[in-house]
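Note on naming: letters A, B, ... go to the chains in the order of the sequence lines (proteins, then strands), and numbering restarts at 1 for each one. As a basis for the values below, the full set of heavy atoms in this structure was taken, side chains included, without hydrogen atoms, waters or symmetry mates.
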Amino acid sequence: MTDALQRPAGLPGWDTLQRVGRYGREASAVERATDVRRSAEARRPHHVGVLLGLSAGAYAVALAGVTGLQSATDQATIAARQPAMATVEAAAAEHDRLEAELADTRAALAGAGRDYEAQAARVADLQARLETLASAVGSLEGATLALPTRLSLPSAPRVPAAVSRPATQAFTGASGG
Amino acid sequence: MASPIRLTLPASVPGDLASAAWTEVRAEFEAAEQAMSRFRETSDLTAVNRAAGDGSFTAVDPRLRRALVAADRARRVTGGRFEPRVIGDLERLGYPGVPIAPSSGRSDASARGGRLVAVSRPARVRLAAPVDLGGIGKGLALRWAAERVRRLLPGHAGALLEAGGDLVATGPRPPAPGADRAEPDQRPVPWLVAIEDPFERTGGPAVVALASGALATSSVRLRHWRDASGTAVHHLVDPTTGRPGGEGLVAVTVAAADPAWAEVRSKQLFLEGHRGIGGSARALGLAAWWITEAGGLEMTPAARQRTVWVEAEAPRSS
C-alpha cells in the first residue's frame with residue numbers, strides 16, 4: 001500500500017481525498033470507493049455554494065472596478081470637454097447678441113422705410129409746386145413779351161455838377177523828407 | 001522824419017498864440033527827431049540800435065520808449081505786415097541810415113520773432129535787433145504835436161498840421177470869410193485835402209474831406225532808386241521777402257482817427273499789393289485810396305463817403 005492515492009474508477013469529479021492512513025486497516029477497494037463517493041456527495045452543495053459565492057464576489061468586485069473605471073473616464077471626459085463647453089456657451093451668447101442686433105436693424109430699416117416714404121411724398125409735393133411755379137413763370141414770360149421795349153419817363157430837374165476841382169487846404173502824398 | 005512841416009490855423013487865432021503854437025510844434029518835432037531818427041548820429045534810437053542784441057538796457061527819451069511799444073503792438077496787430085526790424089534789408093537795398101554795426105550780412109528774418117522791445121522803468125529799453133521807426137515815428141510826432149496845439153488853442157476851430165505828406169486835423173476849419181453870406185449860421189466845414197498824383201500829371205486824382213483825424217500816405221514816388229544790380233527798388237520793404245513789396249501799387253492813402261495808426265495801416269495795405277489791398281482794406285473797415293502802377297485810382301466804400309471830387313468822374317468841359 002502506498003501513500004499515493006489513486007482515483008478509483010467510477011467517481012467522476014473527485015480530485016482530492018485525504019489520505020486514509022497508512023497504518024489503517026486496509027479496506028477493500030469497493031468499500032473505499034463507496035466511502036469516497038459518499039463523502040463526495042456530502043461535500044458537493046458546500047462547494048457549489050462556495051463557488052457561487054466566490055463568483056458573485058468576483059463579479060461584484062469586477063463590477064465595482066468597471067464602475068470606478070467608468071466614473072473616472074467620465075470625469076476625464078467631462079474635464080476634457082469643459083473648455084469646449086465654455087466656447088459653445090460663448091458662441092451661444094454672441095449668437096444671442098447678434099440676433100438682438102439684427103432685430104434692432106430690422107426695426108431701424110422699417111423706420112427708415114417709413115421715413116423714405118414720407119420724404120418721397122414731400123418730394124412729390126414739391127415737384128407739383130415747382131410745376132405750378134413753372135407754369136406761372138411761363139405766364140410771366142409771356143406777359144413780359146407784351147411789354148413795350150421803350151418807356152417814356154417824365155422829365156427830371158437836372159442838378160448842376162462841379163466841373164472844376166474844389167480848392168484844397170493841403171495834400172497828402174509822398175514824404176518830402 | 002526830417003520832413004517839411006506846415007501848420008494851418010484859423011484866422012481867428014491871435015498872432016502871438018499862433019506863434020506859440022508854431023513853436024510848440026517845432027519843439028515837439030525836434031524832440032521826436034532826437035528820440036526816434038535813425039539818420040541822426042546822436043539820437044536815442046541810434047544808441048539803442050547799436051546796443052541791440054547785447055542784452056543791455058539803455059536809458060532813452062520817453063518818446064522812444066512809447067514809440068517802440070507802439071511799433072511792437074502795430075507789428076502784432078497787423079500780423080507782422082508792419083515790421084520795424086528791416087534795417088538790414090534796407091541797407092542791402094541801398095537805403096542806409098547812420099551806421100550801427102559793421103556790415104556783417106545780418107539777416108533781418110532771423111532777428112524777427114518774439115517781442116520787439118523789452119522795457120524797464122522808468123524809461124530803459126532793450127532791443128534784440130535794430131529797428132527803423134520812420135513812418136510810425138512821423139505819425140507819433142504828428143499826434144504829440146497836435147496834442148500840444150489842441151491844449152494851446154481851446155475853444156478855437158480846428159488846426160491842420162502836416163508833416164511829410166501825412167496830416168492831422170484837430171477839428172473842422174471855419175468857413176471861408178465871405179462865403180455863403182446868405183447862410184446866417186455858418187458852421188465849420190471839413191478840410192479839403194488833395195490826394196497827390198504820384199505820376200505828377202495833374203493836381204491829384206481826388207479830393208477828400210477831413211473834419212478831424214488823420215490822413216497818411218505810403219508812396220514810392222520819391223524814395224525809389226536802383227540797387228547794385230540795377231533793379232528798381234524802393235523803401236517799403238516786405239518783411240516776408242526782404243525785398244520791396246506792394247506789387248502793382250504806387251501809393252496808398254488811409255484815413256484814421258490817429259496819425260500813427262493811419263501810417264501803420266497805409267504801409268500794411270501797401271504791402272498787400274494790388275491784388276490783395278481791396279479785400280484787406282474792406283475787411284478792416286478802412287477808408288483807403290490807392291493808385292495803381294497803371295495810374296488808376298481805386299478806393300473802398302468808406303473812402304467813397306469822404307471823397308468830394310474825383311478827376312476821372314469830373315464832367316469834361318466841351
Side-chain angles (χ1 to χ4, degrees), chain A residues 105 108-109 111-177, chain B residues 1-6 8 39 134-135 138 160-167 169 173 176 190-198 200 202-204 206-210 214-224 235 250-251 253-255 262 266 289 291 308-311 313-317:
Chain A
T105 305
L109 186 61
R114 288 191 293 272
D115 290 343
Y116 176 77
E117 288 169 0
Q119 293 303 324
R122 280 195 62 196
V123 167
D125 178 56
L126 283 171
Q127 279 180 337
R129 290 166 67 181
L130 277 174
E131 287 165 7
T132 305
L133 185 61
S135 64
V137 168
S139 303
L140 280 172
E141 285 177 344
T144 55
L145 289 174
L147 287 174
T149 55
R150 302 186 68 167
L151 295 172
S152 57
L153 296 172
S155 59
R158 297 185 65 179
V159 177
V163 298
S164 60
R165 179 195 307 274
T168 59
Q169 290 78 50
F171 82 96
T172 179
S175 170
Chain B
M1 307 298 288
S3 306
I5 308 169
R6 186 165 75 172
T8 304
F39 298 99
K138 181 170 58 178
L160 185 66
L161 180 59
E162 304 165 64
D166 295 353
L167 50 91
R173 63 184 173 92
W191 302 89
L192 296 180
V193 180
I195 292 180
E196 177 191 69
D197 179 2
E200 298 181 273
T202 64
V207 174
V208 302
L210 184 69
L215 285 171
T217 297
S218 289
S219 171
V220 297
R221 179 178 75 83
L222 290 175
R223 292 184 184 150
H224 62 274
H235 70 299
V250 179
T253 300
V254 171
S266 71
W289 303 256
I291 300 173
V308 299
W309 185 85
V310 178
E311 183 178 40
E313 299 171 0
R316 301 293 177 202
S317 57

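Using a 4.5 Å cut-off on side-chain heavy atoms (C-beta onward), B:Val193 and A:Thr168 make no contact.
Between the CZ atom in A:Arg165 and the CH2 atom in B:Trp309 there is a gap of 4.0 Å [rounded to 0.5 Å]. Interatomic distance, CZ of A:Phe171 versus OG1 of B:Thr253, reported as 10.5 Å (0.5 Å rounding).
Heavy-atom pairs under 4.5 Å with chain A were tallied for B:Ala251, B:Ser219, B:Gly203; the largest tally goes to B:Gly203. For the options B:Val207, B:Val220, B:Val208, B:Thr217, heavy-atom pairs under 4.5 Å to chain A are most numerous at B:Thr217.
The main-chain N or O of B:Asp166 is never found under 3.5 Å from a side-chain atom of A:Thr172 such that the two would form a donor-acceptor pair.
Summarising the geometry of B:Arg6 relative to A:Ala170, their closest heavy-atom pair is NH2-CA, 3.8 Å, with the distance given to 0.1 Å. The two residues B:Val308 and A:Pro166 have their closest heavy-atom pair at CG2-CG, 4.4 Å.
Interface residue B:Ala216: only backbone heavy atoms are found under 4.5 Å from chain A. Heavy atoms of B:Leu160 lying under 4.5 Å from chain A belong exclusively to its side chain.
Listed by chain and residue number, A:Asp125, A:Leu126 satisfy the side chain to side chain contact (heavy atoms under 4.5 Å, CB included) test with A:Arg129 (two or more places apart in sequence, or in another chain). In this view, B:Ala255 and B:Leu215, B:Ala287, B:Trp289, B:Arg306 satisfy the side chain to side chain contact (heavy atoms under 4.5 Å, CB included) rule, not counting sequence neighbours.
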